[in-house]
Amino acid sequence: MAKSGLVKKGKWWFRGIKHLMTGRYKKPQFIFLGGKEFENGSLILSNHEGTDAPMSLEMYLDKPLRMWGAHEMNSGLVKMYKYQSRVYYHEKKHWNLHLARLFCLIASPLTNLFYKGLNLISTYRDTRFFKTIKESMQAIEKGESIVVYPEDSAKGYLAQLEGFFAGFAVFAEAAYKKGVDIPIVVSYFKKNQKIFVFDKPIKYSELIKECGSKEKMIERLLNRCNQLGVMDLSEYQNEQTK
């Protein structure tokens, strides 16, 4: 591992791009409440914090991961430009639309190149979501963990998340029907403190039995994510520095 803390994931040119980004994205402290890292083949739920949470995982967590991402960001330069300028920078990050469009003339080609290295799993809001499930199952079977950012960010990326979209629960149920009881791990990235905390894993079968429905399960996981966001982690930080 390099002195920067970067992990060696992806092709050489992709690792080179990530190395250039270490000035923008600093290595966080990873805290695992279960006492050890989650096992490969897990389903990780995280808040988004713009690009900070995804980049922290990709650059510094030495685990095989595949992330879900909006298909517009994974469908070529033109669609990416339209989505990135209007939806990401204007609607979610509240930039002026004209400024967002100008900025993305430079940012979108670079982002497009980066996303080719990131190897996202595209997500959809129609019947094409079956493609997402199929590709995600293939990743799980290869021992890769799936990372999903399910928060409803219609009002932007908030510290206290207001809702989770249900796609991850549909995937977990589909996997269970195929005989794969996926461990689900709720996580939260504390951007200002540079801490990424991961809760103890819990199997999908245990969650659905305890909660009784996908809707209540989603609500429980959302609440747990918000709890992690305000949790005092000083005890765990001290343990790791001993």
Exercise for review: Please report the C-alpha distance between Leu33 and Val197 in whole Å, then the side-chain angles of each, then the deciding distance to 0.1 Å, and finally whether the side-chain contact (heavy atoms from CB on, under 4.5 Å) criterion is met.
Suggested key: CA-CA 7 Å; Leu33 299 185; Val197 56; 3.9 Å; yes

Practice item. Show your reasoning for whether side chain to side chain donor-acceptor pair (under 3.5 Å) applies to Ser136 and Trp68. Key: CA-CA 9 Å; Ser136 299; Trp68 281 13; 2.9 Å; yes

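- Looking at Ile121 and Met67, their side chains never come closer than 4.5 Å, going by heavy atoms from C-beta outward.
- Across all their heavy atoms, Phe38 and Pro201 have their closest contact at CB-CG, 4.5 Å.
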Exercise for review: Test side-chain contact (heavy atoms from CB on, under 4.5 Å) on Gln84 and Thr111 and set out the steps.
Suggested key: CA-CA 9 Å; Gln84 194 173 28; Thr111 306; 3.1 Å; yes

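- Contact annotation: the side chain of Tyr149 approaches that of Val147 to within less than 4.5 Å [non-hydrogen atoms, C-beta and beyond].
- Checked by atom type and distance alone, the side chain of Asn47 pairs as donor or acceptor with a backbone atom of Phe189 at under 3.5 Å.
- Just one of Arg24, Lys190, Lys26 meets the salt bridge (Lys or Arg N to Asp or Glu O under 4.0 Å) condition when paired with Asp52; it is Arg24.
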Exercise for review: Would you check, one step at a time, whether the test side-chain contact (heavy atoms from CB on, under 4.5 Å) holds for Ser85 with Trp95?
Suggested key: CA-CA 9 Å; Ser85 58; Trp95 285 29; over 6 Å; no

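- Put simply, the side chain of Tyr81 does not reach to within 4.5 Å of the side chain of Asn112, judged on heavy atoms.
- Ion pairing between a basic and an acidic side chain is recognised when a charged N comes within 4.0 Å of a carboxylate O; Lys131 and Asp126 show no such pairing.
- Between the side chain of Glu151 and the backbone N or O of Glu162, no donor-acceptor pair lies under 3.5 Å.
- Taking the ring axis of Phe14 as reference, the NZ or CZ atom of Lys9 does not stay both within 45° of it and closer than 6.0 Å to the ring centre.
- You'll find the side chain of Tyr25 reaches within 4.5 Å of the side chain of Thr51, heavy atoms only.
- Closest approach of Cys225 and Leu161 over heavy atoms only: SG-CD2, 4.0 Å.
- Within the 4.5 Å cutoff, the side chain of Val7 has no heavy atoms near those of the Tyr60 side chain.
- More than 12 heavy atoms of other residues, nucleotides or ligands shown are found within 6.0 angstrom of OH on Tyr124.
- Linking ILVMFWY residues whenever their side-chain heavy atoms come closer than 4.5 Å, directly or via other members, leaves Tyr157 and Phe164 in distinct clusters.
- In terms of hydrophobic clustering, with Ile, Leu, Val, Met, Phe, Trp and Tyr side chains grouped at heavy-atom distances under 4.5 Å, Ile202 and Phe171 are assigned to a common cluster.
- With rounding to the nearest 0.5 angstrom, the CD1 atom of Ile182 is 9.0 Å from the NZ atom of Lys203.
- When atom types are taken as modelled, the side chain of His71 and the backbone of Thr123 share no donor-acceptor pair closer than 3.5 angstrom.
- In Ile106, the CD1 atom is not crowded: 12 or fewer heavy atoms of neighbouring residues, nucleotides or ligands sit closer than 6.0 Å.
- Side-chain heavy atoms closer than 4.5 Å link hydrophobic residues (I, L, V, M, F, W, Y) into clusters, and following such links, possibly through other members, connects Ile140 to Ile208.
- Crowding of Lys194 atom NZ: a count of heavy atoms from other residues, nucleotides or ligands under 6.0 Å exceeding 12.
- Once rounded to the nearest 0.5 Å, the distance linking CG of Leu228 with CG of Leu45 reads 10.5 Å.
- Under a 3.5 Å cut-off, the side chain of Asp181 and the backbone N or O of Ser205 do form a donor-acceptor pair.
- Shown here for Ser187 and Ile44, the closest heavy-atom pair between the two residues is OG-CG2, 3.8 Å.
- Environment of NZ in Lys178: sparse, with no more than 12 heavy atoms of neighbouring residues, nucleotides or ligands closer than 6.0 Å.
- More than 12 heavy atoms of other residues, nucleotides or ligands lie within 6.0 Å of NE2 in His94, so this atom counts as buried by the packing criterion.
- A salt bridge links Glu58 to Lys18: one of the charged nitrogens lies within less than 4.0 Å of a carboxylate oxygen.
- Going from atom CE of Met231 over to atom CD1 of Ile31 covers 10.0 Å, rounded to the nearest 0.5 Å.
- The two atoms that bring Asn96 and His90 nearest to each other are C-ND1, 4.1 Å, heavy atoms only.
- Closest non-hydrogen pair, Ala166 versus Ile218, comes out as CB-CD1, 3.6 Å.
- Taken from NZ in Lys27 to OG in Ser56, the straight-line distance is 11.0 Å, to the nearest 0.5 Å.
- For Lys63, the NZ atom sits in a packed shell: over 12 heavy atoms of surrounding residues, nucleotides or ligands are nearer than 6.0 Å.
- The environment of Tyr176 atom OH is sparse: at most 12 non-hydrogen atoms of other residues, nucleotides or ligands sit within 6.0 angstrom.
- Here Glu49 contributes atom CD and Ser153 contributes atom OG; the two are 11.5 Å apart, rounded to the nearest 0.5 Å.
- Residue Phe103 is not grouped with residue Val87 when hydrophobic side chains (ILVMFWY) are merged at heavy-atom distances under 4.5 angstrom, including chains of intermediate members.
- Between Gly34 and Lys200, the shortest heavy-atom contact is CA-CG, 3.5 Å.
- Cation-pi geometry between Arg224 and Tyr188 is not met: the NZ or CZ atom fails to fall both under 6.0 Å from the ring centre and inside 45° of the normal.
- Met21 is connected to Leu118 through a chain of hydrophobic side-chain contacts under 4.5 Å among Ile, Leu, Val, Met, Phe, Trp and Tyr, so both are in one cluster.
- Side-chain N or O atoms of Ser42 include one that pairs as donor or acceptor with a backbone N or O of Glu39 at under 3.5 Å.
- The backbone N or O of Gly10 lies less than 3.5 Å from a partner atom in the side chain of Arg15, making a donor-acceptor pair.
- Lys82 is listed as a side-chain neighbour of Val78, based on a closest heavy-atom distance under 4.5 Å.
- Taking a 6.0 Å sphere around NZ of Lys93, one finds it holds more than 12 heavy atoms contributed by other residues, nucleotides or ligands.
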Check your understanding: Please walk me through it: do Lys216 and Glu210 pass salt bridge (Lys or Arg N to Asp or Glu O under 4.0 Å)?
Key -> CA-CA 9 Å; Lys216 290 184 178 179; Glu210 180 180 326; over 6 Å; no

Practice item. Under the side-chain contact (heavy atoms from CB on, under 4.5 Å) rule, what do Ser108 and Leu77 come out as? Steps first, then yes or no, please. Key: CA-CA 7 Å; Ser108 291; Leu77 180 57; 4.0 Å; yes

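- Side chains of Asn40 and Ser145: a donor-acceptor N/O pair is absent below 3.5 angstrom, by distance only.
- Residues Pro183 and Leu43 have side chains not in contact (no heavy-atom distance under 4.5 Å, counting atoms from C-beta outward).
- Ring orientation note: the planes of Phe30 and Phe198 are tilted relative to one another, at an angle of 30° to 60°.
- In this structure, Glu173 and Phe168 have side chains that are not in contact, with every pair of non-hydrogen atoms separated by 4.5 Å or more.
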